[in-house]
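Heads up: the structure comes next, in structure tokens.
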Amino acid sequence: MIEKENPDSLFFLLENYEKQKTIDAPADWEQLQKRITADRNRRLFFSYLRNVAAVLLPLFLAYQYALYPILKENRSTKETITVTSAPGMVTKTVLPDGSEVWLNALSSLTYPQRFTEKGRTVQLSGEAYFKVVSDKKHRFNVETPRNMVVSAYGTEFNVNAYESETNYEVTLANGHIEVSSGIGPKATEVLVVDEKAVLHVETGNIHVVTADTYVETAWKDGKMVFRREKLDKIAEKLSRRFGVDIRLEGNRLKGYEYTATFTDETLEDILDLLKRSAPITYTISKQKQLYNETFTRRVVTIKSK
Amino acid sequence: MKEKDTIYENLFRKVAFQDDEQAFKELFLEFYPAMCVFAVRYTAQKETARDIVQDVFFKIWKNRKSMNITTSFRNFLVTSVRNNCTDYLRRQEVENRYGEKSTLSAAHSSPEEVYTLKELEIIIGEALEKLPLNVREAFVMNRFNGMTYAAVADKMEVSTKTIEAYISKALKILRTELRDYLPLLLLFL
């Protein structure tokens, strides 16, 4: 390979110089600069969009996965559910934490759709048997009328708090519970198994006695168990179970005590049995039709012979 | 030209590291005319050549951060423009497959040496200095002012023959003076 001078190369060089002189570089620079600026602006816009997205996305995710569930939880805790048991019926319900509750006749239980972190609180009016799922972090509180509070972590207990009654009773079947009254001198009692706290509604006094858990809780299995039970108590339970009004005529009647267990007997069967073991008679009034096509409750009147 | 090239390297470094648009403008003004003239040899159309060279500069600006120039900036520029031109010609060839033959073969024999306007000014200016005064005058009038021999002769109040002699003398001297810068024809034997 050898290098040889191009005969026209001098002219080429001179020509090149001439040609270059004709090109207007500053004008074309303006063009290129415009292009660069447009490109930069577009890129700035996209990077701005990206930054906006980078800020908004975590916010959105935080809302979606952290804030929204909390807000939802807050909202749902305000929504409560009330379960009511009709006369003669035992209703079983399961609470949001998995605890089971048996509601005796004419009782109602109110609980939140979801329990909060603070604790598990339900409101009870009437009688209920609680089988609380153990959760050491969240206390389970049962609030009754007259501000009695039964507090536990994971136990089984029966609360009898009909508003019509003069005494509220709490019987412990398993574990530990605390019973505190909201009336009068603030008192708190800790119960152990097979003890019963009796709260006198008027004074707010609590006294603890031993109890037969089977008797107190037999109702949830459809049984009525009486152990040396006064007739007026029995009448009250019967009226709740069968949805009738029972009137006792004469003070002497109230002193009669019975021991019995009823399961699927009818009201008449039970009254016959009561009549057989004590000197009493009873009458059952016929139901009357009211103007609004409904019927009155039957009224049972028990008299001493 | 070596010292000059380091100036361009430094300018490009400013462009790459400091996003210096002013430095980029300097590079553009320096090389744009030379590159356009160079590209015209491939494309044969001045407008296309300008578009291609502008594209090359635009891409350089866009990729200034990621670009890795192993040779000189000048070499890089020449290679980029040539590649873009051949790409353009290849596309043209596909578009009119049965059209006229591409000018690629003609371009092959052209030298690849590229001098900027300023460089040429200096080179040619220095060479012209070496010419006798009247010879230089005649040459400049003829070459750069586009006057005919007769016009030059008329202006200088000498005969056309004398002008012819002046010009041939000028070319002879220039050829010797500019030997280092003249494009070489490569012959393969």
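The figures that follow rest on heavy atoms only: side chains count, while hydrogens, waters and symmetry mates do not. Chain letters run A, B, ... following the sequence lines, proteins first and then strands; every chain starts at 1. Treat the numbers as computed from the prediction; the structure is a model and nothing was measured.
- Formation of a donor-acceptor pair under 3.5 Å by the A:Ser107 side chain with backbone atoms of A:Ala105 is found in this model.
- Interface remark: B:Phe31 contributes no atoms to any contact with chain A (heavy atom separation under 4.5 Å).
- Contact annotation for A:Asp39: only side-chain heavy atoms (C-beta onward) come within less than 4.5 Å of a heavy atom of chain B.
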> Would B:Phe76 and B:Phe12 count as a ring pair (Phe, Tyr, Trp, His ring centres under 6.0 Å) if you check the C-alpha gap in whole Å, the side-chain angles of each, and the deciding distance to 0.1 Å?
Replying inline: CA-CA 11 Å; B:Phe76 178 79; B:Phe12 180 72; 7.4 Å; no

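- Interface residue B:Phe28: only side-chain heavy atoms are found under 4.5 Å from chain A.
- Of the two parts of B:Leu117, the backbone and the side chain both hold a non-hydrogen atom closer than 4.5 Å to a non-hydrogen atom of chain A.
- Note on A:Ile36, A:Asp28, A:Ile23, A:Leu32: by heavy-atom pairs under 4.5 Å with chain B, the leading option is A:Asp28.
- A donor-acceptor pair is defined here as one N or O able to donate and one able to accept, closer than 3.5 Å; no such pair exists between the side chain of A:Lys131 and the backbone of A:Thr155.
- Of the residues considered (B:Phe58, B:Tyr32, B:Phe24), B:Phe58 shows the highest number of contacts with chain A, using heavy-atom pairs under 4.5 Å.
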> Run the side-chain contact (heavy atoms from CB on, under 4.5 Å) check on B:Lys59 and B:Ser80 step by step: do they pass?
Replying inline: CA-CA 10 Å; B:Lys59 273 178 202 154; B:Ser80 300; over 6 Å; no

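- A salt bridge is absent between B:Lys14 and B:Glu26: the closest approach of a Lys/Arg side-chain nitrogen to an acidic carboxylate oxygen does not fall below 4.0 angstrom.
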